[in-house]
Amino acid sequence: MPAPLPAAHCRGYWYCLCGHFYQFPSCPQLDLHEHQKSDCTKKSVKCSFQWCSLSFPLDQIEHHESICARKNVTCPVCSMDVTQLELEQHLQALHLVDTSNINWLAPLANQLTSVARAPTTNKLKCVCNREFQFQDDLEVHQLTECPLQVTSENGAVFVE
């Protein structure tokens, strides 16, 4: 059972940090503890995103989760799911995007409409004979959908 939040006993009332109060002695401290476990806006809540171990008061968790670095986002270029923390590196490595001028607080889709990926003069060919114009498209194909990809015992993916 979690420890109760601090409460003050003053002039015949139990006061909770969230502003709720209970008259003493007609309302025992146990009622205050039940309130703090269930509907108190100051109770501690863990972030719902995998790999994030932070906790916040209930009235602040929504804001945290809206900006949490461990939140999954969809890459606006290839639609791959990555964490917000990994998105910049993903855009640089897979899509050759210069991220130095990106405003991360503004919607990315509007900023990436002018992303110029230099096409190769020759088609790039995967071992499965599928052709690609862009190197990053070939790499994504090899990592995600190539029928000839092989997974080693340690989980590494490579193409035969």
Side-chain angles (χ1 to χ4, degrees), residues 1-10 13-24 27-118 132 134-147 149-159:
M1 180 183 300
L5 293 172
H9 177 252
C10 181
Y13 293 94
W14 290 110
Y15 289 92
C16 180
L17 290 175
C18 72
H20 276 79
F21 61 92
Y22 298 88
Q23 189 168 5
F24 178 80
C27 185
Q29 190 173 10
L30 183 59
D31 288 351
L32 175 64
H33 183 64
E34 287 301 316
H35 157 75
Q36 291 174 337
K37 286 190 333 186
S38 60
D39 61 343
C40 180
T41 60
K42 297 297 182 188
K43 75 177 179 179
S44 184
V45 179
K46 188 176 178 309
C47 177
S48 63
F49 296 115
Q50 186 178 17
W51 311 115
C52 181
S53 58
L54 300 177
S55 294
F56 290 87
L58 179 62
D59 61 355
Q60 296 174 17
I61 194 69
E62 187 176 327
H63 171 70
H64 164 74
E65 288 182 348
S66 72
I67 61 170
C68 180
R70 301 298 183 183
K71 175 172 70 172
N72 279 344
V73 294
T74 302
C75 172
V77 179
C78 69
S79 301
M80 183 181 204
D81 282 338
V82 295
T83 66
Q84 198 161 309
L85 185 66
E86 299 166 329
L87 182 60
E88 182 174 7
Q89 185 176 6
H90 169 86
L91 288 170
Q92 291 171 346
L94 261 64
H95 305 298
L96 308 176
V97 173
D98 176 12
T99 58
S100 61
N101 294 323
I102 289 182
N103 175 1
W104 294 101
L105 300 176
L108 286 179
N110 300 339
Q111 299 178 68
L112 296 178
T113 54
S114 62
V115 170
R117 297 188 299 171
F132 297 90
F134 302 102
Q135 178 68 33
D136 56 325
D137 290 338
L138 171 62
E139 291 170 7
V140 168
H141 163 75
Q142 289 175 334
L143 290 171
T144 61
E145 61 191 29
C146 180
Q149 74 180 0
V150 177
T151 304
S152 68
E153 290 179 15
N154 67 358
V157 175
F158 59 94
V159 179

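- If you take NZ on Lys43 and OG on Ser55, they are separated by 12.0 Å, rounding to the nearest 0.5 Å.
- Residue Gln50 comes nearest to Arg70 through the heavy atom pair O-CB, 3.6 Å, listed as atom of the first residue, atom of the second, then distance.
- Val73 places none of its side-chain heavy atoms less than 4.5 Å from the side chain of Thr83.
- Proximity of Val97 to Ile102: side-chain heavy atoms (C-beta onward) are separated by under 4.5 Å at one or more points.
- Under the 3.5 Å distance criterion, the side-chain polar atoms of Gln60 are left unmatched by any main-chain donor or acceptor of Pro57.
- For the atom pair Leu85 CG and Asn72 CG, the distance stands at 11.5 Å (nearest 0.5 Å).
- Taking OG1 of Thr144 as the reference point, atom CD of Glu139 lies at 11.5 Å (rounded to 0.5 Å).
- One finds the NE2 atom of His141 at 14.5 Å from the SG atom of Cys78 (value rounded to the nearest 0.5 Å).
- Put simply, the side chain of Gln92 never gets that close to the backbone of Thr99: no donor and acceptor are under 3.5 Å apart.
- The CG atom of Leu94 lies 8.0 Å from the SG atom of Cys75; values are rounded to the nearest 0.5 Å.
- Between the side chain of Lys46 and the main chain of Cys52, a donor-acceptor pair closer than 3.5 Å is present.
- Under a 3.5 Å cut-off, the side chain of Lys71 and the backbone N or O of Phe49 do not form any donor-acceptor pair.
- The two residues Cys47 and His64 have their closest heavy-atom pair at SG-NE2, 3.4 Å.
- Val82 and Leu87 get closest at one heavy-atom pair: CG2-CD1, 3.8 Å.
- Taken to the nearest 0.5 Å, the CG atom of Leu54 stands 10.0 Å off from the OG atom of Ser44.
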